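Since the structure comes first, as structure tokens, the remarks are kept for the end.
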Amino acid sequence: MTESHQPRHAAEPDPAETPATPGTETPETPATPASQTPETADAEVQAADAATATSLDTAGGAMRPSAVPVSGQSGTVPGGPDSLMRKIFTGSGMVSVLAVLLALILGGLLIASTDKAVSTSAGYLFARPSDFFSAVWSAATRSYVALFQGAVFNPRGSGAAGQFAPLMETLTIATPLITAGLGVALAFRAGLFNIGAQGQIIMSGILAAWVGFALHLPVGLHLLLVLVAGVVGGALWAGLVGFLKARTGAHEVILTIMFNYIALYFLRYLLNTPAFQRPGETNPISPILDPNAVYPQILGSQYRLHLGFLLAIAATVFVWWVLNRSTIGFEFRAVGANPKAALTAGINVPRATILVMAIAGALAGMSGVAQVAGTEKVLTDGVAATYGFDAITVALLGRSTPWGTFAAGLLFGAFRAGAVQMQIQTGTPIDIVLVVQSLIVLFIAAPPLVRAVFGLNPRKKKATTSKKAATTGAAA
């Protein structure tokens, strides 16, 4: 053990306990100037606290300051950035509403750009600008009024039944959109991009239609078997995708795209076989379903609205319960948030992947049953129409929430139902509805753009409020 040769120094005595030596003066603490008031001292303390908080926020200057001001990182900032109205107008639900509004505005401008009166008044725009703007307003509102009359209420209808017939048609068209949208939304919440609702509807329609026209069973039992066959068909078709995803790691987007084509061409093949083609027909169409196998019309034969709409409401309640009140729903959301963390927490991620895809397929399968047993009552190669792809837009607009998806399905059902009346009354092409739907998807995918257009930037407002609060506190 080596000994240090450094000189040792005695510990210095405590100045408080050492008596003063004559001729040695102890330095005194300078007195507070008379001009320094208590308010100035408080301001200095606040400045010191702010400097300390900034130092903590930047790790002593080693890191860049965070985007959120220090004063806004905890608690509520004076001025109400966390107020109820601010949350309403900057929340995801309001962004969805504003996205629809913005899409309708741009759609109206597009309608006006093809109107003859608008093009005529544009020739003398600078002479009489009021004529031009009046023509633009008239063209847009005339088309949207016709859309409303064809989707919700037609005052020129014969009696109350005729006036509310558009609303019943909207609910009928919205039924498969709602259930298919719920299937897509549920998969979204689990972190899976299910774009295979189109194929799931087709496979569901195949099984449901076969049970409907090939079997002859008592009332009630026959319809129940049709519903079960359709739901099982969709669940198996989507569950297979979940199984391949969980076992092999194959991407669900590629799988579902391929499965869509497989289902479509399988349907076309079946409709040209004796087992599915209607006797005496050369067109690819199945026999009509047995009367005991079709959904009853819940408001009488004058409307096409059937039992499937009530089942869509029940499915919405079911998805809400699964996501918010059940253990398996918690697992779905945990896997969607972070699969690795969920696996670490003991959640069986492969099982959750297979199960969520199976439930999503079952929900999409309800759309197939609604088509063959409710609306069409036969099976054709257009049984799914574009419901499976529109369901993606419905789920996005509904922010992947059950009731948001339900409302979005009603909106898109209204677009589909009112587009025909809009074209009949005003000559506006039906395709304008597709343009509006595409714009909705665009704006839903870019929430900052919507907030910027309407001046709803919560971070900027919060930073401004924090700066004002800090200035007010320093001045005080």
Side-chain angles (χ1 to χ4, degrees), residues 91-93 95-96 99 177-201 234-260 315-316 318-367 388-406 408-409 440-448:
S92 59
V95 170
S96 299
L177 287 171
I178 292 171
T179 50
L182 289 172
V184 176
L186 181 63
F188 280 169
R189 296 295 291 272
L192 298 173
F193 194 38
N194 176 27
I195 59 174
Q198 190 79 2
Q200 294 151 21
I201 293 173
L236 290 177
W237 198 244
L240 181 58
V241 173
F243 176 80
L244 294 175
K245 167 77 173 179
R247 297 302 181 187
T248 68
H251 203 284
E252 71 274 7
V253 173
I254 303 300
L255 291 174
T256 50
I257 289 175
M258 294 299 101
F259 274 45
N260 285 342
T316 306
F318 169 75
V319 174
W320 174 86
W321 179 83
V322 167
L323 287 175
N324 298 285
R325 293 292 186 271
S326 69
T327 303
I328 190 65
F330 173 78
E331 293 183 1
F332 291 164
R333 291 185 284 116
V335 171
N338 193 325
K340 293 183 179 179
L343 186 63
T344 304
I347 296 176
N348 191 335
V349 176
R351 182 181 72 91
T353 300
I354 299 172
L355 189 56
V356 72
M357 285 299 298
I359 297 176
L363 291 167
M366 294 179 65
S367 300
F389 299 115
D390 291 341
I392 302 173
T393 308
V394 169
L396 289 174
L397 180 59
R399 297 289 177 178
S400 299
T401 61
W403 293 110
T405 303
F406 181 86
I440 290 174
V441 175
L442 172 64
F443 295 133
I444 286 296

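What you see is a predicted model, and the numbers here were worked out from it, not measured in a lab. When reading the values below, keep in mind they use all heavy atoms of this one structure, side chains included, and skip hydrogens, waters and symmetry mates.
Side-chain contact between Ile444 and Ser96 is present, with at least one heavy-atom pair separated by less than 4.5 Å. Side-chain contact between Thr316 and Thr405 is absent, with no heavy atoms from C-beta onward closer than 4.5 Å. Side chains of Ile178 and Met366 form no contact here, defined as non-hydrogen atoms less than 4.5 Å apart. A 4.5 Å side-chain heavy-atom check between Arg399 and Val95 finds at least one atom pair inside the cut-off. Leu244 has its side chain out of reach of Glu252: every pair of non-hydrogen atoms, C-beta onward, lies at least 4.5 Å apart. Here the side chains of Phe389 and Asn260 are in contact, with some heavy-atom distance below 4.5 Å. Contact check for Phe318 versus Ile359: side-chain heavy atoms found under the 4.5 Å cut-off. Side-chain contact check for Thr353 versus Val349: some heavy-atom pair is nearer than 4.5 Å.
Put simply, OG1 on Thr256 and CG on Asn194 are 6.0 Å apart, with the number rounded to the nearest 0.5 Å. Here the straight-line distance linking atom CD1 of Ile257 with atom CD of Gln198 works out to 12.5 Å at 0.5 Å rounding. In this structure, Leu236 CG and Met357 CE are separated by 12.5 Å, a value rounded to the nearest 0.5 Å. We find the OG1-CH2 distance between Thr401 and Trp320 to be 12.5 Å, quoted to the nearest 0.5 Å. In this structure, NZ on Lys245 lies 12.0 Å from CD1 on Ile354, to the nearest 0.5 angstrom. Note that CG of Leu355 is 9.0 Å distant from CG of Leu186, once rounded to the nearest 0.5 Å.
Taking each heavy atom of Leu363 and Ala315 in turn, the nearest pair found is CD2-CB, 4.0 Å. The minimum heavy-atom distance linking Ser400 with Ala185 is given by the pair CA-CB, 3.7 Å. Annotation for Ile440 and Ala99: closest pair CG1-O, 4.5 Å, computed over non-hydrogen atoms. Shortest non-hydrogen contact noted between Ala334 and Ile347 is CB-CD1, 3.7 Å. Between Ala250 and Leu255, the shortest heavy-atom contact is CB-CD1, 3.7 Å. A pairwise comparison of heavy atoms in Ala238 and Gly361 identifies CB-CA, 3.5 Å as the closest pair.
A donor-acceptor contact shorter than 3.5 Å links the side chain of Arg333 to the backbone of Leu323. Using a distance-only test at 3.5 Å, with no hydrogens or angles considered, no donor-acceptor pair links the side chain of Arg189 to the main chain of Phe332.
Ring orientation note: the planes of Phe259 and Trp237 are tilted relative to one another, at an angle of 30° to 60°.
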